[in-house]
There are 2 protein chains.
Amino acid sequence: MNDDEILSERKHEILLNAVEEYIQCASPITSSNVRSKGFTDLSTATLRNELNALEAMGYLRQLHTSSGRVPTAKGYRYYVNAIMCDVPLEKSILDEIHAIFENRAVYLDDVVNEIADVVSKATNYPTVVMLKGFEKLQIKNVKIIPLMTGQALILIETNSGIINNLMPIKPNIPNQTYVDASNFLTSTFENKTVADMIKNIEGYRVQMGQELVEFKGIFDTMIQSLKSLSDTIAQKGGVTARGELRLLNSPEYQDLEKAKKVIDVLTNPSEIEQIFEDDMDTDSEVSFKIGSEIPVVDLQDCAIARADYQVDGESIASIGIIGPQRMDYAKIASALKFVVGEFENLKQLDNAKEGDGDNEQK
Amino acid sequence: MNDDEILSERKHEILLNAVEEYIQCASPITSSNVRSKGFTDLSTATLRNELNALEAMGYLRQLHTSSGRVPTAKGYRYYVNAIMCDVPLEKSILDEIHAIFENRAVYLDDVVNEIADVVSKATNYPTVVMLKGFEKLQIKNVKIIPLMTGQALILIETNSGIINNLMPIKPNIPNQTYVDASNFLTSTFENKTVADMIKNIEGYRVQMGQELVEFKGIFDTMIQSLKSLSDTIAQKGGVTARGELRLLNSPEYQDLEKAKKVIDVLTNPSEIEQIFEDDMDTDSEVSFKIGSEIPVVDLQDCAIARADYQVDGESIASIGIIGPQRMDYAKIASALKFVVGEFENLKQLDNAKEGDGDNEQK
DNA sequence: GTTAGCACTCTCTCGTGTTGACTGCTAAAA
DNA sequence: TTTTAGCAGTCAACACGAGAGAGTGCTAAC
């Protein structure tokens with residue numbers, strides 16, 4: 001980003017040390033502070049000069065004369081760019097994340113919730129997950145299951161979880177019709193995307209042979225139902241925030257008014273969407289937005305870590321962690337990488353497994 | 001409860017007025033305060049005497065000499081017992097609650113979450129819902145649906161929502177077997193409870209004829225899976241808390257430390273269970289626990305409103321609203337009554353509908 | 001039983017003074 | 001040229017005390 005200036009080796013070290021220290025302790029960095037953390041061969045006066053210079057360059061700032069210094073957004077940015085090495089996560093958290101992916105034959109929205117839960121727990125910050133492109137998931141199996149309430153359950157098994165939605169149905173349609181319709185959809189759209197199915201099913205209706213005509217009514221309502229699900233998700237439904245309360249653990253949010261402002265944003269789906277508005281820089285797995293880089297007014301003194309789960313270059317889901325600018329960037333980056341990694345494993349697993357099951361309904 | 005003392009008509013009126021006023025304004029009640037709210041024909045000195053007397057009886061207390069008075073737990077209790085009339089809810093909230101019950105052909109745990117969400121929104125207080133006896137729900141239909149992941153979905157349609165759970169399955173079992181097993185279970189246990197099914201299915205296994213023997217493996221894992229679901233729910237899984245953050249709206253919880261203590265309890269399933277430990281007084285739809293009546297240490301200056309959804313005298317789910325002792329008891333009572341009422345409607349609807357659908361799988 | 005009047009109490013707020021932690025700067029030393 | 005010691009200056013944080021204001025309890029009169 002702003003790599004025009006090149007810091008001397010010593011300034012570099014001092015800055016990284018200072019930011020790291022501040023992330024841990026949350027209290028302004030003083031010259032003697034820096035000295036005791038690895039610069040015992042220099043006097044505090046010298047370090048004061050260096051800190052002063054770093055301040056002049058915009059990496060640090062003082063809250064008031066005679067106070068220690070805190071990193072600016074530019075300072076954090078420098079730190080993040082410099083330190084992107086992994087930090088080991090607690091094993092129990094890794095296991096927990098892993099377990100979610102193990103038992104993943106649950107509904108996609110549940111998966112999203114659980115991921116948000118676990119990531120929030122792992123990082124101790126509020127976490128939002130946004131599902132944006134479920135239509136791009138690969139269909140593995142489709143089932144339409146009539147219920148007793150005058151509705152039917154649409155179950156679409158995909159490579160990343162089950163999509164499920166309700167549709168109204170007409171009475172007096174024999175069950176076999178639903179089974180046949182399910183089998184038709186499965187065999188026709190297996191390994192295609194949900195979007196393909198929504199788009200192309202109309203074409204199939206036009207050229208339907210005698211045996212397909214009876215599905216017409218079912219397909220119509222089903223497509224309608226999937227479209228509305230897609231719309232709902234596109235509008236706001238695909239957003240979940242979890243662990244909002246963890247914000248209160250940060251000393252910078254002991255002030256309830258400040259905390260409420262952020263929490264209000266997290267509770268408002270359309271504002272969360274803004275966070276994920278633009279595409280991610282595809283060259284890194286995890287990206288950070290710090291301070292004014294965030295396109296939401298009330299989050300100007302926050303930082304957001306983000307990772308996307310991508311299929312064929314398009315992101316299906318985005319995970320975001322919101323915290324103060326003084327957040328544990330290293331730990332968060334490693335947690336996010338791990339989650340995205342689990343997603344990737346999943347995909348490969350599915351490709352490997354492909355075609356070994358005979359699950360067609362009879 | 002403590003109805004030993006009988007208050008004079010005037011004291012009664014003053015007390016109710018005072019509590020109501022305090023619930024609205026959250027600032028200690030003064031003598032002139034009471035005077036302006038309907039006692040203009042009395043002097044503040046007289047009212048001071050009355051307030052003094054009410055304090056001596058334990059209904060009110062002063063935070064310090066020369067401050068106004070606030071209700072004690074005993075004062076709130078008196079108020080709650082006296083005023084149990086309904087307060088109209090906002091129509092939009094009624095509609096929202098109603099909508100949940102309309103579209104209820106969703107999974108039971110989702111219903112629980114949504115109810116907690118809506119009640120919390122309606123009352124503006126944190127709300128917990130505890131599902132305790134799903135085994136007592138009436139079975140309407142059972143479906144076992146094999147998935148591609150080596151698992152099968154158990155879908156049990158009941159009179160109050162769908163229970164769904166996963167079970168592992170063995171490969172190479174034809175789909176028809178699952179269909180047959182589903183049909184067998186549905187026809188055998190329709191209108192029985194889930195508990196009945198779990199208990200009696202073993203008996204059926206013993207006297208299984210030739211045609212049932214093939215289901216043996218399926219039933220075994222299914223019962224195991226349902227039992228573990230039942231255990232999970234019994235232990236802690238059936239508890240959801242929603243809207244914890246709304247606690248921060250109350251002036252008594254502006255102090256973060258205080259708020260965190262309560263929120264910690266709400267985040268801890270086993271502590272929530274304690275709240276619902278003892279059975280409800282069956283004579284009223286809504287019951288309140290105030291202050292020391294609550295069996296949880298950290299909630300001693302809270303109040304909890306509770307309603308149960310009962311089937312055949314046994315409660316299936318409990319809803320609890322947690323707030324400061326100064327909560328809007330009337331509004332909360334009416335919200336809870338409405339929710340429970342919707343549950344009851346549901347039951348009647350189901351009984352009326354019984355037997356009109358032909359949803360057996362072919 | 002009710003009321004006016006008055007003294008009393010306690011919180012809340014605001015201003016003041018003090019302390020302690022850092023810094024910036026300057027001048028000498030390396 | 002870089003580093004360092006020393007010192008004056010700055011500011012947050014805390015404690016203290018005075019004054020105002022709100023509300024009470026009590027007493028004596030109605």
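Throughout, a chain's letter reflects where its sequence line sits, starting with A, and its residues are numbered from 1. What you see below is based on every heavy atom in this structure, not just the backbone, and it leaves out hydrogens, waters and symmetry mates.
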Would you mind telling me which of [options] lies closest to the side-chain atoms of [X]?
X: B:S31; options: C:dA4, D:dA5, D:dT24; value: D:dT24
X: B:E55; options: C:dG24, D:dA5, D:dG25; value: D:dG25
X: B:H64; options: C:dC10, D:dT4, D:dT10; value: C:dC10
X: B:T65; options: D:dC11, C:dT9, C:dT3; value: C:dT9

What's the [atom1]-[atom2] distance between [X] and [N], to the nearest Å?
X: A:N49; N: D:dT1; atom1: CG; atom2: P; answer: 15 Å
X: A:L47; N: D:dT2; atom1: CG; atom2: P; answer: 15 Å
X: B:L63; N: C:dC12; atom1: CG; atom2: P; answer: 10 Å
X: B:R69; N: C:dT9; atom1: CZ; atom2: C1'; answer: 14 Å
X: A:R48; N: D:dT2; atom1: CZ; atom2: P; answer: 18 Å
X: A:Q62; N: D:dA12; atom1: CD; atom2: P; answer: 12 Å
X: A:L51; N: C:dC22; atom1: CG; atom2: P; answer: 13 Å
X: B:E50; N: C:dT2; atom1: CD; atom2: C1'; answer: 11 Å

NA contact type, [X], heavy-atom cut-off 4.0 Å: base, sugar-phosphate, or nothing?
X: B:S32; value: nothing
X: A:N52; value: sugar-phosphate
X: B:S67; value: sugar-phosphate
X: B:N33; value: nothing
X: A:L42; value: sugar-phosphate

Heavy-atom side-chain proximity of [X] to [Y] below 4.5 angstrom:
X: A:V262; Y: A:L247; answer: yes
X: A:T127; Y: A:R246; answer: no
X: B:D264; Y: B:D298; answer: no
X: B:L7; Y: B:L54; answer: yes
X: A:E20; Y: A:K37; answer: no

Inset, instruction - Please evaluate the base of D:dT10 for a donor-acceptor partner in the side chain of A:S66 within a cut-off of under 3.5 Å? - result: yes
State whether a side-chain donor-acceptor pair under 3.5 Å links A:T40 with A:R35.
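Checked: A:T40/A:R35 side chains show no N/O donor-acceptor pair below 3.5 Å.
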Does a side-chain N or O of A:S43 approach OP1 or OP2 of D:dT3 to a distance below 4.0 Å, or not?
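No, no such contact exists.
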Just N and O in the side chain of A:R10: are any of them under 4.0 Å from OP1 or OP2 of D:dT3? yes
**Prompt:** Closer to the 5' end of DNA chain C via nearest nucleotide, is it B:D41 or A:A45?
**Reply:**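 Mapping each residue to its closest nucleotide by heavy atoms, the 5'-most match is B:D41.
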